[in-house]
**Q** 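Next up is a structure, given as structure tokens.
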Amino acid sequence: MDLSKYRPSSAYDSPFLTTNAGGPVYNDVSSLTVGPRGPVLLEDYHLIEKLATFDRERIPERVVHARGASAKGFFEVTHDISHLTCADFLRAPGVQTSVICRFSTVVHERGSPESIRDIRGFAVKFYTREGNFDLVGNSVPVFFNRDAKSFPDTIRALKPNPKSHIQENWRILDFFSFLPESLHTFAFFYDDACLPIDYRHMEGFGVHAYQLINKDGKAHYVKFHWKPTCGVKYMTEEEAIRVGGTNHSHATKDLYDSIAAGNYPEWKLFIQIMDPEDVDKFDFDPLDVTKTWPEDILPLMPVGRLVLNRNIDNFFAENEQLAFNPGHIVPGIYYSEDKLLQTRIFAYADTQRHRIGPNYMLLPVNAPKCAHHSNHRDGAMNFMHRDEEVDYWPSRFDSVRPAEQYPIPSCVLQGRREMCVIPKENNFKQPGERYRSWAPDRQDRYIAKWVQSLSDPRVTHEIRSIWISYLSQADKSCGQKVASRLSMKAAM
């Protein structure tokens with residue numbers, strides 16, 4: 001019996017999305033969660049397959065944040081927040097913790113110019129007495145997509161065309177036209193904020209909401225903010241072109257030279273705190289990573305200072321092999337139900353195991369400085385000499401015992417299995433407020449960047465119309481100005 005007629009002529013001829021095993025995918029934008037807001041369920045096979053496949057797309061450099069520079073120093077608590085968290089490294093003013101910090105661009109390759117328009121990574125590894133805490137953030141407080149199922153596609157759209165290896169506006173605007181929540185990040189991406197003059201004059205944000213838990217088990221949602229003491233400074237597009245043409249590593253050089261000269265970069269750490277009982281009082285979901293929290297309602301509270309006073313000793317060992325993971329938390333700090341954060345807990349560790357190896361946490365730059373013990377054994381590149389006879393637990397021949405119990409959030413999780421968008425999208429209010437907060441010349445630069453991008457000859461009339469509609473919903477005059485310069489009608 002000839003079965004060929006029942007087979008597609010190519011492995012890619014399926015008329016619909018499928019898993020790698022050929023199973024149909026009916027929803028490729030929403031993760032499977034407990035209720036509409038999460039947390040995310042590990043049983044979402046397609047999500048895990050999609051992330052795991054994406055994590056392995058590039059070797060050996062990072063898929064994202066490939067271009068970066070690191071420095072070492074310390075974090076010092078300056079204000080008492082022990083009523084909010086039982087984290088040991090935040091226990092009292094004056095307590096210092098060793099850190100290593102890495103700054104980076106997100107999209108382009110390891111040798112790309114640091115002057116390019118891009119979001120910057122701002123990652124801090126705290127070597128605490130209770131293990132490592134990795135606060136992995138960016139130079140802007142929001143992200144393009146709220147659900148990790150769209151994250152691989154987000155990065156692919158921002159990266160160069162796989163055919164020509166050229167980053168192209170039509171690809172970016174095509175993909176994100178399907179994600180209206182991305183407009184808030186574009187209000188940073190097409191603004192001066194994505195052309196920082198260097199790393200020292202750059203803000204940092206934890207981006208996601210986390211939770212702080214005190215010794216009594218009381219939890220608060222928290223957002224982290226880094227503010228440079230030397231001020232925030234940006235470049236114009238023209239300045240960026242000049243700087244990049246002079247030195248494609250200008251930000252790395254500035255960071256290294258400043259520390260070598262004793263001009264140590266410093267940032268103040270602030271937090272915003274929200275009581276979980278207040279989450280539903282806003283017209284947006286506070287755990288939505290495409291939103292910021294209003295500072296007039298949830299003011300910034302000072303916590304401490306970050307000082308980078310030592311350059312790294314070896315670029316490969318302490319920058320290329322340096323690995324961060326949002327899953328690395330310590331007692332007193334916990335994850336929120338933020339869908340994107342929930343999946344980063346898996347994806348970052350998975351990426352590093354692929355990029356560096358299954359034992360990447362044994363490398364000195366990644367290993368905790370405190371005493372530690374696990375029964376994770378063997379595997380590629382495991383260089384630890386261990387002569388114990390017991391590699392399991394529990395055992396009457398092993399004196400290792402469980403750690404003392406520490407509080408974690410105890411809220412009840414309940415809801416149906418769902419693949420859906422959160423109820424309170426509210427995609428346009430915050431980007432409109434941000435636009436209206438700028439001086440007229442800054443608004444003009446933002447509009448000019450939109451016009452330049454939308455003028456790409458491969459951007460269709462439909463895509464232009466969608467973006468003008470989004471911009472108009474955020475701010476009517478902004479949409480009208482962009483439409484006028486493109487000789488189009490603004491959305492009503």
Side-chain angles (χ1 to χ4, degrees), residues 72-101 122-137 141 203-229 266-279 286-287 292-309 324-338 341 345 368-372 402-411:
K72 296 181 281 191
F74 65 89
F75 174 77
E76 180 181 16
V77 179
T78 56
H79 292 73
D80 186 5
I81 61 166
S82 58
H83 62 292
L84 294 170
T85 178
C86 59
D88 177 75
F89 80 102
L90 297 172
R91 64 187 179 276
V95 173
Q96 290 190 359
T97 301
S98 295
V99 302
I100 187 166
C101 186
F122 193 122
V124 184
K125 185 184 294 291
F126 299 79
Y127 298 105
T128 86
R129 300 195 306 179
E130 298 177 303
N132 292 353
F133 170 48
D134 290 357
L135 183 54
V136 188
E203 291 180 287
F205 302 88
V207 184
H208 300 284
Y210 286 81
Q211 294 188 73
L212 294 182
I213 306 99
N214 65 18
K215 58 181 174 42
D216 298 320
K218 173 63 177 175
H220 288 86
Y221 289 119
V222 61
K223 285 210 170 190
F224 298 95
H225 301 250
W226 298 105
K227 303 291 183 183
T229 58
E266 181 175 335
W267 287 261
K268 302 291 187 185
L269 176 63
F270 296 85
I271 58 174
Q272 287 177 287
I273 294 294
M274 181 185 297
D275 192 307
E277 294 182 0
D278 295 335
V279 165
L287 305 186
T292 57
W293 292 358
E295 294 181 16
D296 56 335
I297 299 174
L298 303 168
L300 298 181
M301 297 172 50
V303 176
R305 66 187 187 116
L306 169 69
V307 179
L308 300 180
N309 58 5
F324 293 90
N325 179 6
H328 292 162
I329 56 174
V330 293
I333 299 176
Y334 204 76
Y335 322 110
S336 75
E337 297 84 354
D338 176 345
L341 173 60
I345 296 166
K369 308 302 183 189
C370 62
H372 57 285
E404 297 296 323
Q405 185 173 350
Y406 53 84
I408 62 172
S410 57
C411 59

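The structure presented is a predicted model; accordingly, all values stated were derived computationally and were not measured. The figures that follow rest on heavy atoms only: side chains count, while hydrogens, waters and symmetry mates do not.
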**Q** How close do Pro286 and Trp293 get, heavy atom to heavy atom, and via which atoms?
**A**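 Shortest heavy-atom contact: O-NE1, 2.9 Å.
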**Q** Could you walk me through whether Lys227 and Glu203 pass the side-chain contact (heavy atoms from CB on, under 4.5 Å) test, one step at a time?
**A** CA-CA 5 Å; Lys227 303 291 183 183; Glu203 291 180 287; 2.5 Å; yes
**Q** Can you tell me how far the CZ atom of Phe75 sits from the CZ atom of Arg305, to the nearest 0.5 Å?
**A**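 Taking CZ in Phe75 and CZ in Arg305, the distance rounds to 10.0 Å.
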**Q** Return the CD to CG distance between Glu76 and Leu306, rounded to the nearest 0.5 Å.
**A**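 Nearest 0.5 Å value for the CD-CG distance: 11.5 Å.
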**Q** Decide side-chain contact (heavy atoms from CB on, under 4.5 Å) for Tyr221 and Ile273; before the verdict, give the C-alpha distance in whole Å, the side-chain angles of both, and the deciding distance to 0.1 Å.
**A** CA-CA 6 Å; Tyr221 289 119; Ile273 294 294; over 6 Å; no
**Q** Can you tell me how far the CD1 atom of Ile408 sits from the CD1 atom of Ile329, to the nearest 0.5 Å?
**A** 9.0 Å
**Q** Before giving the answer on side-chain contact (heavy atoms from CB on, under 4.5 Å), spell out for Val124 and Trp226 the whole-Å C-alpha distance, their side-chain angles and the decisive distance to 0.1 Å.
**A** CA-CA 11 Å; Val124 184; Trp226 298 105; 4.0 Å; yes
**Q** Could you tell me whether a side-chain N or O of Asp134 sits under 3.5 Å from a main-chain N or O of Val136, the two making a donor and an acceptor?
**A** no
**Q** Would you call Lys218 and Asp275 a side-chain contact if the rule is heavy atoms closer than 4.5 Å?
**A**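 SC-SC contact between Lys218 and Asp275 confirmed.
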**Q** Atom NE2 of His328 and atom OG1 of Thr128: how far apart are they, to the nearest 0.5 Å?
**A**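 If we round to the nearest 0.5 Å, His328:NE2 and Thr128:OG1 are 12.0 Å apart.
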**Q** Heavy-atom count check: over 12 atoms from other residues, nucleotides or ligands less than 6.0 Å from Phe74 CZ?
**A**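 Atom CZ in Phe74 is crowded, with more than 12 foreign heavy atoms closer than 6.0 Å.
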**Q** Can you find a heavy atom in the side chain of Leu269 that is under 4.5 Å from one in the side chain of His225?
**A** no
**Q** Do Cys101 and Phe122 touch side chain to side chain, with heavy atoms closer than 4.5 Å?
**A** yes
**Q** Could you tell me which non-hydrogen atom of Leu135 sits nearest to which non-hydrogen atom of Gly206, and how far apart they are?
**A** CD1-CA, 4.1 Å
**Q** What's the shortest heavy-atom distance between Lys223 and Ala209, and which atoms?
**A**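 So the minimum-distance heavy-atom pair works out to CE-N, 4.0 Å.
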**Q** Quick one: are Val222 and Leu84 in side-chain contact, heavy atoms under 4.5 Å?
**A** no
**Q** Is it the case that Ser336 and Asp338 place a side-chain donor and acceptor less than 3.5 Å from each other?
**A** no
**Q** When you measure from the side chain of Glu266 to the backbone N and O of Thr229, does any donor-acceptor pair fall under 3.5 Å?
**A**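 Here the side-chain-to-backbone pair does not exist.
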**Q** For Pro326 versus Tyr335, what's the shortest heavy-atom pair and its separation?
**A** O-CE2, 3.5 Å
**Q** If we ignore hydrogens and angles and just use 3.5 Å, is the side chain of Thr85 paired with the main-chain N or O of Gly332 as donor and acceptor?
**A**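 Looks like yes, one N/O pair under 3.5 Å.
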**Q** Above 12 or not: heavy atoms from other molecules or residues under 6.0 Å from NZ of Lys215?
**A** no
**Q** Which class fits the ring pair Phe126 and Phe89: parallel under 30°, tilted 30 to 60°, perpendicular over 60°?
**A**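 Plane angle between 30° and 60°, so tilted.
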**Q** Within a strict 4.5 Å, meaning less than it, do heavy atoms of the Pro407 and Cys86 side chains meet?
**A** yes
**Q** Do Val303 and Phe224 touch side chain to side chain, with heavy atoms closer than 4.5 Å?
**A** no
**Q** Calculate, to the nearest 0.5 Å, the distance between atoms CG and NE2 belonging to Asn132 and His372 respectively.
**A**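 Asn132 CG to His372 NE2: 9.0 Å, rounded to 0.5 Å.
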**Q** Are Asp88 and Pro331 close enough that some pair of their side-chain heavy atoms sits under 4.5 Å apart?
**A**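 Asp88 does not reach Pro331 side chain to side chain.
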**Q** Within the structure provided, determine whether Met301 and His79 are in side-chain contact (heavy-atom separation under 4.5 Å).
**A** no
**Q** For Thr292 versus Pro141, what's the shortest heavy-atom pair and its separation?
**A**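 Shortest heavy-atom contact: CG2-CG, 3.6 Å.
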**Q** Could you report the tightest heavy-atom contact between Asn214 and Ser82, atom names first, then the distance?
**A**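 Heavy-atom minimum between the residues: CB-O, 4.4 Å.
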**Q** Leu300 vs Gln272, test: side-chain contact (heavy atoms from CB on, under 4.5 Å). Steps then yes/no.
**A** CA-CA 5 Å; Leu300 298 181; Gln272 287 177 287; 3.6 Å; yes
